[in-house]
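Encoded as structure tokens, the structure appears first; notes follow it.
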2 protein chains.
Amino acid sequence: MPKTAQPAQPEILQGTLDVMILRTLERAETHGYGIARAIERSSGGVLAVEEGSLYPALYRMEKRGDLTHEWKTSELNRRAKFYRLTPSGRKRLVHEVEQWEKLSHAVGRVLAGSAREALA
Amino acid sequence: MPKTAQPAQPEILQGTLDVMILRTLERAETHGYGIARAIERSSGGVLAVEEGSLYPALYRMEKRGDLTHEWKTSELNRRAKFYRLTPSGRKRLVHEVEQWEKLSHAVGRVLAGSAREALA
DNA sequence: GTGATTACCTTGACAATCTAGGTATGTGCC
DNA sequence: GGCACATACCTAGATTGTCAAGGTAATCAC
């Protein structure tokens, strides 16, 4: 399975997948496939969640202690792993949202070139 | 030089360094060290530009054709490489700023959980 | 001369992501 | 029954961007 990687244009901002997963699961416990669809929908169709990014992310988040899963039957009668936030995951969600706000705002400032910065 | 990498908390959002460099150089031709200080300042002190990220970035952007450099003497009387945008770099700046706006806005929508998405 | 600052650079490791493959099962249609 | 399609999972390999940690050299203030 050798192949060339890296997208023509990245579909998501690196580092934001985890926090989006956490946020999605805070709203409703669901399975991987459902998480992907939910993020795509709530982003207005702008973000595409690739399965090759999603499943490794879920695995590492669970390993980190932020998620747990339970095998259940999906709405469409298929076996699916339903993920849920742990208390630690909730804490991380809050922290990561804060980080996102802080950093994205900072990037915005750099790109904007407001009077604020011209005077600094 | 074996060492453990990955920061306790990332200082910049991955993928945003290039566009910030381009934006900084659009404002004024300057050298690497100056770019780093300018980004730190215009971000309100939130972003830290590590040299180990900066110089490779400048190198790859120049190789890509978005920058050129010229050795000059800095304001403080030291030899320094002054970077300047190429026309291609200007085009890329516009495009990357658009991308940033689009993607960061999308992440915002996912994290926000507005009524808009609840109704979708 | 000593130390701080300016200014450059490189190596090695690592984490996140994508591409591209794969498996399996249920549903609808013919 | 057979087939396509959607749902739902998974992994390997490659690439990229970033960071940590080292280094060099010149200038300036003391």
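Per chain, numbering begins at 1; letters A, B, ... match sequence-line order.
Nearer to the 5' terminus of DNA chain D, by closest-nucleotide assignment, is the contact made by A:Trp71 (compared with the other of A:Trp71 and B:Gly52). Place B:Arg78 and B:Tyr83 on DNA chain C by their nearest nucleotides, and B:Arg78 ends up nearer the 5' end. Where B:Asp18 and A:Arg37 meet DNA chain D, the nucleotide closest to each residue was compared, and A:Arg37 sits on the side nearer the 5' end.
Side-chain proximity of A:Gln14 to C:dA16, D:dC9, D:dT18: nearest is C:dA16. Side chain of A:Lys81, nearest nucleotide from C:dT6, D:dC10, C:dG26: D:dC10.
Put simply, A:Asn77 has no side-chain N or O that comes within less than 4.0 Å of OP1 or OP2 on C:dT25. Here B:Ser53 does not reach the OP1 or OP2 of D:dG17: none of its side-chain N or O atoms lies under 4.0 Å away. Residue A:Ser74 has no polar side-chain atom (N or O) positioned under 4.0 Å from OP1 or OP2 of D:dT7.
As rounded to whole Å, 11 Å separates atom P of D:dT18 from atom CD1 of B:Ile39. Whole-Å rounding puts the B:Met20 CE to D:dT18 C1' distance at 12 Å. Nucleotide C:dT17 holds its P atom 12 Å from the CG atom of A:Leu47, rounded to whole Å. Residue A:Ile12 contributes atom CD1, which lies 18 Å from atom P of D:dT16 at whole-angstrom precision. Between the C1' atom of C:dA15 and the CG atom of A:Leu17 lies a distance of 13 Å, rounded to the nearest Å. Between the CD atom of A:Glu75 and the P atom of C:dT27 there is a distance of 13 Å, rounded to whole Å. The distance between atom CG of A:Leu13 and atom C1' of C:dA15, rounded to the nearest whole Å, is 16 Å. Atom CG in A:Leu54 sits roughly 13 Å away from atom P in D:dA8 (whole-Å rounding).
One finds a salt bridge joining A:Arg84 and A:Glu70 here, because a Lys/Arg side-chain nitrogen approaches an Asp/Glu carboxylate oxygen to under 4.0 Å. With salt bridges taken as basic N to acidic carboxylate O contacts below 4.0 Å, one links B:Lys72 and B:Glu29. A salt bridge is defined here as a Lys NZ or Arg NE, NH1 or NH2 lying under 4.0 Å from an Asp or Glu carboxylate O, and A:Asp66 with A:Lys91 fails to meet this definition.
Interatomic distance, A:Leu103 CG to A:Leu13 CG, rounded to the nearest 0.5 Å: 11.5 Å.
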- Before giving the answer on side chain to side chain contact (heavy atoms under 4.5 Å, CB included), spell out for A:Arg109 and B:Ser42 the whole-Å C-alpha distance, their side-chain angles and the decisive distance to 0.1 Å. CA-CA 6 Å; A:Arg109 284 182 66 172; B:Ser42 66; over 6 Å; no
- Message: Run A:Asp18 and A:Arg23 through salt bridge (charged side-chain N to carboxylate O under 4.0 Å, His left out) and show every step you take.
- Response: CA-CA 9 Å; A:Asp18 288 20; A:Arg23 187 73 168 111; over 6 Å; no
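Side chain A:Glu51 to base D:dC9: a donor-acceptor pair is found below 3.5 Å.
A:Gly15 comes within contact range of the sugar-phosphate backbone alone, with a heavy-atom separation under 4.0 Å but no base atom that close.
Using a 4.0 Å cutoff on non-hydrogen atoms, the parts of residues 55-67 of chain B near DNA chain D are B:Arg60, ordered by number.
The shortest heavy-atom contact between A:Leu17 and A:Ser53 is CD2-O, 3.8 Å.
Under the 30°/60° scheme for interplanar angles, the aromatic rings of B:His69 and B:Tyr83 are found to be tilted.
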